[in-house]
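To keep things clear, I will list the structure first and then write my remarks on it.
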Amino acid sequence: MSNAPVITMDGPSATGKGTIASLVAKKIGYRLLDSGALYRVLALAACEEGIDLENGAAIARMAPGLKIEFPGNGRVSLGGRDVSGEIRTGAIDESASRVAALSEVRRVLLPVQHGFRSPPGLVAEGRDMGAVVFPGAKYKFFLTASPEIRASRRYRQLLDKGLDARLPDLLRDLRARDRRDEQRSISPLRPAKRAIGIDTSQLTIAQVVDRIMQVMQGRCQGGG
Ligand code: DC
């Protein structure tokens with residue numbers, strides 16, 4: 001694995017993490033890893049192949065043969081086909097969370113994620129980036145927000161896309177996924193050691209980005 005610097009951003013969904021990670025990566029010229037997209041693509045491919053979502057061994061066997069690419073601008077492709085929209089549906093939210101709880105799947109994705117580390121550096125975004133995948137990361141951030149705020153952000157996103165949604169259903173599903181991500185035995189969602197926590201509930205995306213940049217600049221000046 002390359003020894004290029006890594007910055008990790010972990011936390012539950014709808015904390016603004018994806019957008020924030022992408023803005024920080026752009027500002028400092030680093031590559032970006034959206035690790036959740038890997039679990040989402042595996043869930044989509046497993047559904048299409050008719051593989052049972054509990055069958056970790058079969059999903060792990062399928063994974064190395066998949067051609068998953070990130071051509072830029074947040075797009076994701078599978079075998080040359082643009083699946084950016086397909087992997088963001090409510091059904092895949094649910095399936096990806098199930099696939100992510102399988103130890104065989106997490107194991108097979110580890111070297112794939114390490115492969116994204118290259119000069120000048122990497123911003124890695126997900127749930128276990130700081131705790132498991134890149135434990136030696138230079139800076140680790142853990143973003144949170146209250147479930148109600150996160151559900152209302154997701155609600156607005158769906159309405160903006162012209163999709164139908166009910167806030168109480170979104171809140172219920174989000175809490176269920178949080179529980180599954182936090183309680184799974186392998187790589188549960190929790191802050192890594194040395195992670196700097198940021199509660200984004202009352203902050204704009206720009207304010208969170210500024211905060212992260214300040215932390216990194218402050219530490220750099222301090223010789224870190
Ligand atoms: O960040 P996201 O919503 O795109 O992630 C999709 C699913 O994958 C979600 O249920 C959490 C899981 N995930 C994970 O377990 N570990 C990661 N590093 C990233 C995502």
Side-chain angles (χ1 to χ4, degrees), residues 6-22 24-25 31-47 53-54 56 59-60 63 66 68 70 74-78 83-117 122-135 137 140-145 147 150-151 153-155 157-158 161 170-192 195 200:
V6 180
I7 295 159
T8 60
M9 289 187 204
D10 292 299
S13 61
T15 48
K17 199 166 34 91
T19 310
I20 292 160
S22 150
V24 170
R31 229 180 145 187
L32 176 69
L33 167 61
D34 170 2
S35 60
L38 297 175
Y39 292 97
R40 287 174 179 275
V41 172
L42 282 199
L44 175 70
C47 292
L53 292 181
E54 306 297 320
I59 300 176
L66 299 178
I68 306 172
F70 295 89
R75 313 301 296 173
V76 184
S77 77
L78 170 61
V83 292
S84 318
E86 275 171 85
I87 62 164
R88 307 270 169 212
T89 62
I92 296 290
D93 284 352
E94 170 67 24
S95 317
S97 165
R98 290 171 61 192
V99 163
L102 304 169
S103 57
E104 298 96 327
V105 170
R106 302 201 78 90
R107 207 172 307 127
V108 83
L109 283 183
L110 207 53
V112 174
Q113 295 171 95
H114 289 160
F116 282 81
R117 185 175 188 178
L122 177 71
V123 175
E125 178 252 302
R127 304 293 188 285
D128 61 342
M129 297 295 98
V132 177
V133 182
F134 299 109
K140 301 182 185 186
F141 295 94
F142 194 83
L143 274 48
T144 55
R150 290 163 47 217
R153 285 176 182 166
R154 181 93 178 111
Y155 179 69
Q157 272 172 2
L158 292 172
K161 284 189 197 163
L170 291 175
L171 183 58
R172 185 201 56 215
D173 293 352
L174 183 140
R175 286 190 198 276
R177 259 185 298 130
D178 279 0
R179 254 196 312 280
R180 185 158 42 219
D181 290 345
E182 284 163 6
Q183 291 175 3
R184 67 180 174 224
S185 54
I186 176 156
S187 297
L189 172 65
R190 67 176 64 132
T200 72

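Indexing begins at 1, ligand by ligand and atom by atom, following the structure's order. Computed from a predicted model, the values in this text were never measured in an experiment.
Note on Arg40 versus Asp34: no salt bridge recorded, every NZ/NE/NH1/NH2 to OD/OE distance being 4.0 Å or above. Residues Asp93 and Arg98 are not paired through a salt bridge, judged by the lack of any N-O separation under 4.0 Å between the basic side chain and the carboxylate.
With hydrogens left out, the protein atom closest to atom 8 (O) of ligand 1 is Tyr39 CB, 3.7 Å, a heavy atom. Of the protein's non-hydrogen atoms, the one nearest atom 7 (C) of ligand 1 is Ala96 CB, 3.9 Å. Looking only at heavy atoms of the protein, atom 13 (N) of ligand 1 is closest to Arg127 CG, 3.6 Å. Ranking the protein heavy atoms by distance from atom 12 (C) of ligand 1 puts Ala100 CB, 3.6 Å first. Taking atom 20 (C) of ligand 1 as the reference point, the nearest protein heavy-atom neighbour is Gly36 CA, 3.5 Å. Taking atom 16 (N) of ligand 1 as the reference point, the nearest protein heavy-atom neighbour is Arg106 NH2, 2.9 Å.
Atoms of ligand 1 found under 4.0 Å from any heavy atom of Ser97 (numbered from 1 in listed order, with element): 10 (O). Shown in contact with Met129 at under 4.0 Å from a heavy atom are these atoms of ligand 1, numbered in order with element: 18 (N).
Contacts of Gln113 classified as side chain to side chain donor-acceptor pair (under 3.5 Å), with partners at least two apart in sequence or in another chain: none. In this structure Asp173 satisfies the side chain to side chain contact (heavy atoms under 4.5 Å, CB included) test with no other residue, sequence neighbours excluded.
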Take Thr144 and Arg150, measure what side-chain contact (heavy atoms from CB on, under 4.5 Å) needs, and give me the verdict at the end.
CA-CA 9 Å; Thr144 55; Arg150 290 163 47 217; over 6 Å; no
Determine, step by step, whether Asp10 and Lys140 satisfy the side-chain contact (heavy atoms from CB on, under 4.5 Å) criterion, reporting the C-alpha distance in whole Å, the side-chain angles of both residues, the deciding distance to 0.1 Å, and the verdict.
CA-CA 8 Å; Asp10 292 299; Lys140 301 182 185 186; over 6 Å; no
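Within the 4.0 Å heavy-atom criterion, the part of Asp181 lying near ligand 1 is the side chain and not the backbone. With a heavy-atom cut-off of 4.0 Å, Arg180 does not touch ligand 1 at all. With a 4.0 Å heavy-atom cut-off, ligand 1 is reached by the side chain of Arg88 but not by its N, CA, C or O. With a heavy-atom cut-off of 4.0 Å, Arg184 touches ligand 1 through its side chain alone.
Heavy-atom separations between Arg177 and ligand 1 are all 4.0 Å or longer.
For the residue pair Ser97 and Arg177, no side-chain donor N or O sits within less than 3.5 Å of a side-chain acceptor on the partner. Checking Arg153 against Thr200 by side-chain atom types alone, a donor-acceptor pair falls below 3.5 Å.
The two residues Arg127 and Arg184 have their closest heavy-atom pair at CB-NH2, 4.1 Å.
Considering Ile87, Leu66, Thr89 in turn, Ile87 is the only one that fulfils the side chain to side chain contact (heavy atoms under 4.5 Å, CB included) rule with Leu44.
For Arg40, a nitrogen or oxygen atom sits less than 3.5 Å from a nitrogen or oxygen atom of ligand 1, counting backbone and side chain alike. When only interatomic distances are considered, the shortest N/O to N/O separation between Ser35 and ligand 1 falls below 3.5 Å. For a threshold of 3.5 Å applied to N or O pairs, the pair formed by Glu125 and ligand 1 contains no separation below that value.
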